[in-house]
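Atom set for the values below is all heavy atoms of this structure, side chains included, hydrogens, waters and symmetry mates excluded.
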Amino acid sequence: MAGTKTNGRRQPSLAQLRAFAAVAEHLHFRDAAAAIGMSQPALSGAVSALEETLGVTLLERTTRKVLLSPAGARLAVRAKAVLDEVGALMEEAEAVRAPFTGALRLGVIPTVAPYLLPTVLRLVHDRYPDLDLQVHEEQTANLLEGLAVGRLDLLLLAVPLGVPGIVELPLFDEDFVLVTPLDHWLGGREGIPREALRELNLLLLDEGHCLRDQALDICREAGRADAPVTTTAAGLSTLVQLVAGGLGVTLLPRTALRVETTRSEELLTGYFADPAPTRRVALAMRAGAARGAEYEELADALREALRPLPVRVLGRDDRTTTAGPSPVPGTGLRRL
């Protein structure tokens, strides 16, 4: 019942504030005690202890009634406000303890967002209706910075990242395909060897997009020493329209194919011989994230929801954590 000390000054306890607030509301000790489930002697003792702690008289007691003193009338308002805030704190804690409630700030890269978000949003709407999903589309470097400083909670992007303290929850692997103009000699072909990339006029995204780095690495793995870039685009939609206009060819992930190529009849799709160049897409979270178990469950649900897409769904066993600085040379999946 006694209050605590802070900076040498005794502070009231919540029990004391609760007792005083009840008396201030009912102006009757017996009724107040019954309202908060406390015995009348304990209630009276708590109010007396609060008066001693604060150094003021809160109540005017007579044999017939209880009145608030002028100081009591003022402090009763403060006591109620404190108790209301404590109640709000407890409600918020309960909401946090309940899985898939409250806000979830999801960061997504531009070369994933238009093609996977419909599935993600449908899943959240149907399975987690109390989850407030907030989506932020940014390039990889900005997303990683946002995750590190707590601006974002979870990322959906291409991996591996090679960033210390980040846990990757793999979702799927998907092949790249070659998108060409109608009159291109590789248009519509299957079994295209990677070596064909050595001589192609390859159109790329602007610097800063991870897909640009992946395309350049695929070219290097195919034996291309350099990839002169004369034309770039800020997004895949523009890139595909440049291909339709005859300016070159480009690489697209399979999940983007249906959305981007159905806008023009001037395009053909070529498929690489096995093993085709691929990218891996995953959720990424901070190691030790408080909601880590939720994110694992969300990853499981997403894997099932993504099965209708042209991807190879992965499992939990493929997750990785980078404990320290780790470059990823020669993997074809570098990050900026």
Side-chain angles (χ1 to χ4, degrees), residues 1-106 124-125 127-136 146-154 285-295 297-298:
M1 190 69 70
T4 58
K5 282 189 175 181
T6 302
N7 297 328
R9 296 181 59 186
R10 187 173 297 279
Q11 294 193 346
S13 68
L14 289 176
Q16 292 169 358
L17 293 175
R18 195 171 290 112
F20 170 56
V23 174
E25 179 181 355
H26 295 278
L27 295 178
H28 196 288
F29 277 95
R30 186 179 65 243
D31 293 346
I36 62 174
M38 182 181 287
S39 70
Q40 190 169 330
L43 179 82
S44 180
V47 175
S48 296
L50 180 61
E51 289 178 316
E52 181 180 350
T53 297
L54 298 177
V56 297
T57 299
L58 300 172
L59 303 176
E60 296 178 3
R61 301 167 176 85
T62 70
T63 56
R64 301 181 57 183
K65 59 183 178 180
V66 177
L67 297 175
L68 290 174
S69 69
R74 291 177 58 184
L75 294 180
V77 176
R78 295 286 188 182
K80 184 179 184 304
V82 170
L83 293 172
D84 287 345
E85 285 300 316
V86 171
L89 173 68
M90 298 305 293
E91 290 177 3
E92 186 69 19
E94 179 65 29
V96 170
R97 287 196 300 270
F100 298 105
T101 60
L104 173 57
R105 299 164 297 180
L106 176 68
V124 171
H125 179 270
R127 185 174 292 196
Y128 311 115
D130 295 325
L131 186 64
D132 177 18
L133 184 64
Q134 302 170 7
V135 177
H136 302 263
L147 188 66
V149 302
R151 177 173 59 84
L152 298 172
D153 302 311
L154 192 64
M285 66 180 181
R286 291 181 295 274
R291 302 173 71 181
E294 284 182 55
Y295 302 155
E297 183 178 335
L298 178 61

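Within the structure, salt bridge (Lys or Arg N to Asp or Glu O under 4.0 Å) pairs that include any residue of residues 33-44 do not occur (at least two apart or interchain).
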Given the rule in the salt bridge (Lys or Arg N to Asp or Glu O under 4.0 Å) test, do Glu51 and Arg61 qualify, once you have shown the distances and angles that lead to the verdict? CA-CA 13 Å; Glu51 289 178 316; Arg61 301 167 176 85; 3.2 Å; yes
Between Leu152 and Leu154, is a side chain to side chain contact (heavy atoms under 4.5 Å, CB included) present by the stated rule, with each step listed? CA-CA 6 Å; Leu152 298 172; Leu154 192 64; over 6 Å; no
Do Gln134 and Leu106 pass the side chain to side chain contact (heavy atoms under 4.5 Å, CB included) test, and can you show the C-alpha distance, the side-chain angles, and the key distance before you say yes or no? CA-CA 6 Å; Gln134 302 170 7; Leu106 176 68; over 6 Å; no
Would you check, one step at a time, whether the test side chain to side chain contact (heavy atoms under 4.5 Å, CB included) holds for Leu68 with Phe20? CA-CA 10 Å; Leu68 290 174; Phe20 170 56; 3.9 Å; yes
Between Leu59 and Leu67, is a side chain to side chain contact (heavy atoms under 4.5 Å, CB included) present by the stated rule, with each step listed? CA-CA 6 Å; Leu59 303 176; Leu67 297 175; over 6 Å; no
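Residues Leu27 and Lys65 are not in side-chain contact: their nearest non-hydrogen atoms beyond the backbone lie 4.5 Å or more apart. Within the 4.5 Å cutoff, the side chain of Tyr128 has no heavy atoms near those of the Leu133 side chain. In this structure the side chain of Leu17 reaches within 4.5 angstrom of the side chain of Leu50, judged on heavy atoms. The shortest distance between side-chain heavy atoms of Pro70 and Glu60 falls below 4.5 Å. Between Ile36 and Leu43, the closest side-chain pair of non-hydrogen atoms falls below 4.5 Å. Asp130 places none of its side-chain heavy atoms less than 4.5 Å from the side chain of Phe100. A 4.5 Å side-chain heavy-atom check between Met285 and Asp153 finds every atom pair outside the cut-off.
If you take CZ on Arg151 and CZ on Arg105, they are separated by 9.0 Å, rounding to the nearest 0.5 Å. The distance from atom CD of Glu85 to atom CE of Met90, rounded to the nearest 0.5 Å, is 13.5 Å. Rounded to the nearest 0.5 angstrom, Arg286 CZ and Arg291 CZ are separated by 10.5 Å. One distance of note links CZ of Arg78 with CG of Leu83; it measures 13.5 Å at 0.5 Å rounding. Note: Ser69 OG to Leu75 CG = 7.5 Å, rounded to the nearest 0.5 Å. Here CG of Leu131 is found 7.5 Å from OG1 of Thr101. Values are rounded to the nearest 0.5 Å.
The backbone N or O of Ala22 lies less than 3.5 Å from no partner atom in the side chain of Glu25, so there is not a single donor-acceptor pair. Without hydrogens or angle criteria, Ser44 side chain to Gln40 main chain gives no donor-acceptor distance under 3.5 Å. At least one donor-acceptor pair under 3.5 Å links the side chain of His28 to the backbone N or O of Arg30.
Heavy-atom minimum distance, Ala46 versus Ala19: CB-CB, 3.7 Å.
With sequence neighbours left out, Asp84 forms a salt bridge (charged side-chain N to carboxylate O under 4.0 Å, His left out) with Lys80.
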